[in-house]
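For reference, the structure discussed in these notes is given below.
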Amino acid sequence: MSDIRILAIDTSCDETSAAVIENGRKVCANVISSQIKLHEAYGGVVPELASRMHIESIDIVIAQTLKEAGMQLSEIDCIAATYGPGLVGALLTGLLHAKAMALALDKPFIGVNHIEGHISSNYLETTFAPPFVCLVVSGGHTNLVYVSDYGQYETLGHTRDDAAGEAYDKVARVLGLGYPGGPRLDKLAAEGDANAISFPKAFLEDGSYDFSFSGLKSAVINYLNKCKMMKTAVNPADVAASFQKAVIDVLVGKTIAAAKEKGAGKIALAGGVASNSALRARMQEKCAELDLELNIPKGIYCTDNGAMIGAAAYFKYQQGAFSDIRLNAEPSLRL
Ligand code: KG4
Ligand code: ZN
């Protein structure tokens, strides 16, 4: 069978990204134009600014991607793009661009669910394959998913309030770490004592694979307010490390329990928070202890990127699951 090359685009939030993926796993090029600098001044992503920036960047990012892959558009077999979930204006930029290219070039088009993209980042530059349990932890989502086969998903649990990355970002903000908070909190926590403060861990009902982080976030804010009122000194590194421990204990505990229940011998991580050093370390430790295979994508494939969309699209391509050219953006799309 000849090689299948997919040009894939992701503009779901604040990164304009495109990639060329060969046979679902080989990354020929993956270009990411980050908007962090643009949104930093506002302490978070401003949707209208994100859309405008995507429009300005998309042509340049695609041209750069083809250049890095050393390919012409004629060598591309299919165009793919994220159609949800995400910010509607941001999604529309990449989606419309991909659909227009597919129409003009007379090539098939595949719309990809962004969460499915994150899960599929585990296929990039690996031979990792289903079945496995995947913990998807990003700024917008926290899902525990059983992947029985390519494209076959059973959602075991999800967050009932904040996403894990959202909790990281909010706690980082109250600690005065700025935006984006997750990676900065990760760094600071490495210098702190994770047992210094006992923050609540929301394991929820027995056997539940759902998550909840808003109570923990409030507990951190209350702790800081109390210290301020009592005029007691705060050690930000200890707060960061203790908060992080409360998050990771729950994430790792539930993922391991799900793998046991499903009889899955493999675990995968995905999403921006999967690049968190403490989460990676703890998961590695636990999986080694229980003799479970663990796959964690490279950091660059954890945060939003086009490559993961190309990986997901390839397995749809193989199944002939092409999308209608009228496919619209779905900001609240579920897995
Ligand atoms: O997957 P992603 O790029 O975007 C979404 O689809 O949401 O994830 C971004 C999230 C942000 O909340 C960011 O703070 C968090 O991932 N993040 C981290 C780390 N790197 C990124 N959180 C904790 N530790 C990190 N090292
Ligand atoms: Zn994402």
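Counting starts at 1 for both ligands and their atoms, following the listed order.
- Between P180 and ligand 1 there is no heavy-atom distance shorter than 4.0 Å.
- A salt bridge links D210 with R160: the distance from a Lys NZ or Arg NE/NH1/NH2 to an Asp or Glu carboxylate oxygen falls below 4.0 Å.
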* **Chi angles and distances behind the side-chain contact (heavy atoms from CB on, under 4.5 Å) call for K266, L292** => CA-CA 6 Å; K266 298 188 226 176; L292 294 167; over 6 Å; no
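- An N or O contact shorter than 3.5 Å is missing between S277 and ligand 1 by distance.
- Follow the hydrophobic side-chain contacts under 4.5 Å out from Y42 and you never reach Y179; the two are in separate clusters.
- With hydrogens and angles left out, the side-chain atoms of Y314 and E22 include no donor and acceptor closer than 3.5 Å.
- Counting heavy atoms closer than 4.0 Å to ligand 1, residue C13 contributes nothing at all.
- Within the 4.0 Å heavy-atom shell around ligand 1 one does not find A164.
- When heavy-atom distances to ligand 1 are checked against a 4.0 Å cut-off, T303 comes that close through both its backbone and its side chain.
- If you check which protein heavy atom lies closest to atom 22 (N) of ligand 1, you get G182 CA, 3.4 Å.
- Residue G165 approaches ligand 1 through these ligand atoms, each under 4.0 Å from one of its heavy atoms: 12 (O).
- In this structure, L135 is a member of the same hydrophobic cluster as V247, with clusters built from ILVMFWY side-chain heavy atoms closer than 4.5 Å.
- Taking any N or O of G271, backbone or side chain, none lies under 3.5 Å from an N or O belonging to ligand 1.
- One side chain, Q244 or Y168, offers a donor N or O that lies under 3.5 Å from an acceptor on the other.
- By the criterion of side-chain heavy atoms lying less than 4.5 angstrom apart, applied directly or through intervening Ile, Leu, Val, Met, Phe, Trp or Tyr residues, L269 is grouped together with Y209 in one hydrophobic cluster.
- With a 4.0 Å cut-off on non-hydrogen atoms, P183 touches ligand 1 through its backbone as well as its side chain.
- The distance from ligand 1 to the heavy atoms of G140 drops below 4.0 Å at these ligand atoms: 7 (O).
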* So E166 and K217, salt bridge (charged side-chain N to carboxylate O under 4.0 Å, His left out) or not? Walk me through it. -> CA-CA 10 Å; E166 202 178 343; K217 177 192 68 191; over 6 Å; no
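- A side-chain N or O of D186 and one of S277 form a donor-acceptor pair less than 3.5 Å apart.
- Inclusion of D186 in the set of residues having an N or O under 3.5 Å from an N or O of ligand 1 is warranted.
- Protein heavy atom in closest approach to atom 9 (C) of ligand 1: G139 N, 3.7 Å.
- Taking distance alone, with nitrogen or oxygen atoms compared against 3.5 Å, G181 stays at or beyond that limit from ligand 1.
- Not one N/O/S atom of C13, from backbone or side chain, sits under 2.8 Å from the Zn ion (ligand 2).
- Using a non-hydrogen distance threshold of 4.0 Å, K187 does not register as a contact of ligand 1.
- In terms of hydrophobic clustering, with Ile, Leu, Val, Met, Phe, Trp and Tyr side chains grouped at heavy-atom distances under 4.5 Å, L290 and V250 are assigned to a common cluster.
- Under 4.0 angstrom from ligand 1, there are no non-hydrogen atoms of E15.
- No more than 12 heavy atoms of other residues, nucleotides or ligands sit less than 6.0 Å from atom CD of Q72.
- Annotation: atom 15 (C) of ligand 1 to nearest protein heavy atom, V273 CG2, 4.0 Å.
- Distance from atom 24 (N) of ligand 1 to its nearest protein heavy atom, with residue and atom name: N276 ND2, 3.0 Å.
- With no hydrogens or angles considered, no side-chain donor-acceptor pair links H118 and N143 at under 3.5 Å.
- Taking a cut-off of under 4.0 Å to the non-hydrogen atoms of H114, the atoms of ligand 1 that pass are 6 (O).
- Among the backbone and side-chain atoms of H118, an N, O or S atom lies under 2.8 Å from the Zn ion (ligand 2).
- Taking atom 21 (C) of ligand 1 as the reference point, the nearest protein heavy-atom neighbour is G272 O, 3.4 Å.
- To the nearest 0.5 Å, atoms NZ (K316) and CD1 (I110) are separated by 8.0 Å.
- Less than 4.0 angstrom separates some heavy atom of H118 from each of these atoms of ligand 1: 1 (O), 6 (O).
- If you number the atoms of ligand 1 from 1 as listed, the ones under 4.0 Å from a heavy atom of Y168 come out as 23 (C).
- In terms of protein heavy atoms, atom 2 (P) of ligand 1 is closest to D304 OD1, 3.4 Å.
- Closest protein heavy atom to atom 14 (O) of ligand 1: D169 OD1, 2.6 Å.
- Side chains of H114 and S12: a donor-acceptor N/O pair is present below 3.5 angstrom, by distance only.
- Hydrophobic clustering (side-chain heavy atoms under 4.5 Å, transitive across Ile, Leu, Val, Met, Phe, Trp, Tyr) keeps Y83 apart from L87.
- Side chains of E125 and Y301: a donor on one and an acceptor on the other come within 3.5 Å.
- At least one N/O/S atom of D304, from backbone or side chain, sits under 2.8 Å from the Zn ion (ligand 2).
- Shown in contact with C302 at under 4.0 Å from a heavy atom are these atoms of ligand 1, numbered in order with element: 1 (O).
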